[in-house]
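Keep in mind that this is a model prediction, so the values were computed, not measured. One-based numbering, in listed order, for ligands and for the atoms of each.
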Amino acid sequence: MTVKASERGTFSSKMGIILASAGSAVGLGNVWRFPTEVGNSGGAAFILIYIACVVLLGLPLMVAEFTVGRHTHANTVDAYRRLAPGTPWVAQGYLGVFTSWFILCYYSVVAGWTLKYLVASALAGPAGISGNTAYFESFTASPVEPIAYMVAVMAVCHVVIARGVEKGIERSSKLLMPLLLLIIAMLVVCSFSMPGSEAGLRFLLQPDFSCLTSDVVLSAMGQSFFSLSIAMGCLCTYASYFRDDARLMRTAVSVASIDTTVAVMSGFIIFPAVFSVADVEVSAGPGLVFITLPNVFRMAFASVPWLGWLFAMLFYMLLLLAALTSMMSIHEPTTAFLLEHFRWPRRVATRVVTLSCVAVGSLCSLSFGVLSGLRVGGLTLFELFDFISAKIFLPVGGLIIALFVGWRLPRRVVWEQATNGGTLRTRTFGLYMLLLRWVAPIAIVLIFCNELGLL
Ligand code: PHE
């Protein structure tokens with residue numbers, strides 16, 4: 001069923017478009033996953049490869065997703081239906097909707113943790129959170145508390161989405177994104193001013209190319225896709241609300257620049273702090289921000305404890321805001337699909353998505369405690385959701401988008417979207433097509449094989 005353009009929401013300004021899309025891209029992937037990957041993969045050399053992946057693969061794929069969304073002004077399923085009716089390409093529309101719903105289920109669990117740590121740091125006062133590993137494990141294993149925090153964050157996301165595109169997503173992005181950038185700037189200044197922070201800066205700025213293995217290159221590619229929110233239906237759905245005068249290539253460059261800057265800045269916040277505390281145990285994965293950092297905050301600011309307290313609260317506030325704006329973009333594809341495809345009122349569609357994600361998300365949360373024995377292929381439910389979405393759906397979706405826009409869509413449509421019907425200059429169009437048709441598909445197949453352990 002089609003919905004008239006006037007009944008759909010539209011972002012009212014170019015700034016709104018950029019901030020909402022950047023809100024989707026900037027998330028836990030930047031503040032939590034990126035510094036962890038940098039730490040595991042040799043610092044500056046990883047960052048350089050990462051930036052190359054953003055430019056050569058991330059940007060063309062982002063413009064391709066924008067193309068599908070803005071050309072059709074429809075939810076992801078109907079977008080592919082309109083562009084390739086009755087063909088297997090429509091499956092990509094369903095995959096986008098399903099992947100975003102699937103990610104929301106477990107992403108909201110971690111978003112709940114960030115709220116818990118914000119509250120706990122605030123209540124702990126200058127003494128900070130202590131006994132970190134045991135604290136983290138007993139919190140995540142508890143059957144009620146993490147679910148309550150997840151529901152609280154989800155409730156905020158729900159309210160925003162229920163208010164619609166302009167009044168909900170655009171307005172909140174315009175408020176939250178500048179706040180997030182301000183917090184980052186404050187934290188970077190704080191982190192640089194710590195004694196001993198030079199070692200962290202050196203680690204981030206001096207590339208050691210001997211650490212570069214094919215594995216590192218491939219994880220940089222995977223990280224860039226996740227961080228830019230590619231292949232999840234989110235950018236395509238947001239682009240369906242873009243006005244016809246929005247410049248797709250320029251928007252993609254702005255979003256990728258903000259996203260990469262925030263990721264690198266998060267490294268600048270975390271590493272000088274970690275390096276300034278000599279004997280802290282650095283753990284990978286969720287441990288870095290939830291176990292290592294509370295120790296770092298306490299020890300690095302031992303002489304001025306109130307500053308450590310402030311630093312900790314600002315840091316968890318940053319994580320929470322970043323997670324929230326990404327959650328909004330992961331909620332919207334399924335909501336838009338239910339709303340337009342089945343003609344449900346937005347209120348009802350939003351409620352169905354929120355409640356179903358809370359139900360399944362609770363199971364993911366319980367998999368750290370009472371359900372930890374429930375395993376599929378050796379993975380807990382939470383790990384399974386992360387594995388399937390980030391390691392299987394993400395590369396498969398990215399590959400299909402590259403092939404669809406690069407090879408299946410008429411070149412004229414792609415050109416019209418990139419140049420706004422020929423009114424913009426097109427110097428990079430040839431390069432964009434080359435990257436989309438050849439470089440991206442080959443690179444994605446490599447990532448996929450690597451993730452599955454075939455390389
Ligand atoms: N890009 C977000 C992050 O960096 C995560 C995300 C993935 C958001 C997929 C939307 C879609 O955390």
Which atoms of ligand 1 are found less than 4.0 Å from any heavy atom of S326?
2 (C)
Between S229 and ligand 1, which part of the residue brings a heavy atom under 4.0 Å of the ligand: side chain, backbone, both or neither?
both
To check your reading of the model: name the closest protein heavy atom to atom 9 (C) of ligand 1, its residue, and the distance in Å.
M232 CG, 3.3 Å
Where the side chain of S41 meets the backbone of V38, is there a donor-acceptor pair that is under 3.5 Å apart?
no
Y107 heavy atom under 4.0 Å from ligand 1
yes
Atom CH2 of W407: over 12 foreign heavy atoms under 6.0 Å:
yes
Is there at least one pair of N or O atoms, one from L228 and one from ligand 1, spaced under 3.5 Å apart?
no
Atom indices of ligand 1, in the order listed, that fall short of 4.0 Å to a heavy atom of C234:
10 (C), 11 (C)
Check the surroundings of atom CZ in R243: do more than 12 heavy atoms from other residues, nucleotides or ligands lie under 6.0 Å from it?
yes
Considering only heavy atoms from C-beta outward, does the side chain of M232 approach that of F225 to under 4.5 Å?
no
Pull out every atom of ligand 1 sitting under 4.0 Å from any heavy atom of N30, numbered as shown with elements.
4 (O)
Under 4.0 Å between heavy atoms, the region of F226 that gets near ligand 1 turns out to be both
Looking only at distance, does A25 have an N or O less than 3.5 Å from an N or O of ligand 1?
yes
Heavy-atom distance to atom 2 (C) of ligand 1: which of A322, S24, G29 wins?
S24
Crowded around M177 CE? As in, over 12 foreign heavy atoms under 6.0 Å?
yes
Spell out, as yes or no, whether a donor-acceptor pair under 3.5 Å connects the side chain of Q223 to the backbone of G29.
yes
Salt-bridge present (K174, E166; N to O < 4.0 Å):
no
Numbered atoms of ligand 1 (with element) below 4.0 Å of S227, judged on heavy atoms
1 (N), 4 (O)
Which one holds for S329 and ligand 1: side chain close, backbone close, both close, or neither close, with close meaning a heavy atom under 4.0 Å?
side chain
H331 versus T335, side-chain donor and acceptor atoms under 3.5 Å
yes
